[in-house]
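Have a look at the structure below, then the notes.
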Amino acid sequence: RTLALTLCSLGDLLLDANDFEQARRCFEEALTVAGRLNDNFIIFYSTISTARLARLGGQVEEAEAVLTQLAARQGTSSPYRLSQVEFEQACCRLAVGRAQEAVEIFQKSMLVHQPAGSSEELGKYIIWLSAAYASHDSRACLEQLDRLAAMDLAQFKSSYITLNASQAY
């Protein structure tokens, strides 16, 4: 298991460094090891990482196909994992210029993380929602960022839904 997790982490680092081929090798090897161990967490982690790799490499249709299969396998048994799949699906929509769909998916997916209060997860959503707003309507993006910048994390968590409900799409 440690080997598979290390391969996934290395793949993430290589992905951040834009070394897509080496990242793909790491994720594929992690998936092989995880399959032998029947480790569902690492299978999920390496599969969603492979989808992210495809999206970042410009293969959005491939990423969407992997994510659709992954969502079907997850079903409703793990809301957190399903929200991660939805997050990646929203990133794919944004990559092909479907910003309004991306915003809607980001907002739905974020509801899973909002009650838990993970600042890392919430921060990730703020960044991507900002990109989606900017692609859709730059004035709305600036207004949204102004509102978010004025809040601390606790305020953000308690008023997130209200803020986004006020956006006209």
Side-chain angles (χ1 to χ4, degrees), residues 1-114 116-136 141 145 148 153 156:
R1 185 166 206 245
T2 302
L3 173 61
L5 285 171
T6 301
L7 286 165
C8 284
S9 295
L10 179 58
D12 285 339
L13 290 171
L14 290 164
L15 192 56
D16 289 344
N18 294 320
D19 189 343
F20 294 168
E21 188 54 40
Q22 291 297 332
R24 180 178 304 280
R25 287 187 188 129
C26 286
F27 296 136
E28 288 172 352
E29 183 64 24
L31 187 57
T32 299
V33 172
R36 284 195 302 256
L37 298 172
N38 198 27
D39 189 317
N40 290 328
F41 171 75
I42 299 173
I43 290 170
F44 176 82
Y45 182 2
S46 56
T47 303
I48 201 164
S49 296
T50 300
R52 187 172 57 253
L53 170 70
R55 175 180 52 83
L56 292 172
Q59 300 167 322
V60 178
E61 287 182 20
E62 178 185 330
E64 287 271 18
V66 170
L67 293 167
T68 299
Q69 292 172 354
L70 192 54
R73 282 197 306 253
Q74 291 304 308
T76 58
S77 64
S78 175
Y80 180 77
R81 286 188 188 172
L82 187 56
S83 75
Q84 290 178 300
V85 172
E86 290 170 342
F87 177 86
E88 287 299 326
Q89 288 172 323
C91 292
C92 287
R93 299 302 193 300
L94 191 57
V96 295
R98 293 162 44 193
Q100 184 173 348
E101 287 178 50
V103 167
E104 291 166 5
I105 295 169
F106 282 136
Q107 290 173 336
K108 176 185 169 214
S109 176
M110 188 172 174
L111 294 177
V112 172
H113 300 285
Q114 191 252 346
S118 165
S119 58
E120 181 179 334
E121 288 294 326
L122 292 174
K124 178 175 79 170
Y125 279 95
I126 291 170
I127 290 167
W128 280 94
L129 269 170
S130 299
Y133 283 129
S135 296
H136 182 65
C141 174
L145 289 174
L148 293 172
L153 183 59
F156 172 77

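For the atom pair CZ of R81 and CG of L70, the computed distance is 9.0 Å after rounding to the nearest 0.5 Å. I42 CD1 to R1 CZ: the interatomic distance, rounded to the nearest 0.5 Å, is 4.5 Å. Rounding to the nearest 0.5 angstrom, the gap separating the OG atom in S49 from the CG atom in L31 is 10.5 Å. Going from atom OG of S83 over to atom CD of E86 covers 6.5 Å, rounded to the nearest 0.5 Å. Rounding to the nearest 0.5 angstrom, the gap separating the CZ atom in R98 from the CD atom in Q89 is 10.5 Å.
E88 is linked by a side chain to side chain donor-acceptor pair (under 3.5 Å) to R55, counting only residues two or more places apart in sequence or in another chain. Checked against side chain to side chain donor-acceptor pair (under 3.5 Å), R25 has no partners two or more places apart in sequence or in another chain. Under the rule for a side chain to side chain contact (heavy atoms under 4.5 Å, CB included), the partners of T50 that lie at least two apart in sequence or sit in another chain are R24, F27. Partners of R93 according to the salt bridge (Lys or Arg N to Asp or Glu O under 4.0 Å) rule, which considers only residues two or more places apart in sequence or in another chain, are E64, E101.
Taking a 6.0 Å sphere around CD of Q22, one finds it holds more than 12 heavy atoms contributed by other residues, nucleotides or ligands.
Taking all atoms of both residues into account, the shortest heavy-atom contact from A51 to A63 is O-CB, 3.2 Å. When all heavy atoms of L53 and A23 are compared, the closest pair comes out as CD1-CB, 4.3 Å.
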(message) Quick one, C92 with L67, criterion side chain to side chain contact (heavy atoms under 4.5 Å, CB included). Give me CA distance, side-chain angles, the key distance, then yes/no.
(response) CA-CA 10 Å; C92 287; L67 293 167; 3.9 Å; yes

(request) Take R73 and F44 through the side chain to side chain contact (heavy atoms under 4.5 Å, CB included) test and state the conclusion after the steps. (result) CA-CA 10 Å; R73 282 197 306 253; F44 176 82; over 6 Å; no

Could you pull out all donor-acceptor pairs under 3.5 Å where a side-chain atom in residues 4-13 meets a protein atom, sequence neighbours excluded?
from: T6; atom 1: OG1; to: T2; atom 2: O; distance (Å): 2.8
from: S9; atom 1: OG; to: L5; atom 2: O; distance (Å): 3.2
from: D12; atom 1: OD1; to: R52; atom 2: NH2; distance (Å): 2.9
from: D12; atom 1: OD2; to: Y45; atom 2: OH; distance (Å): 2.5

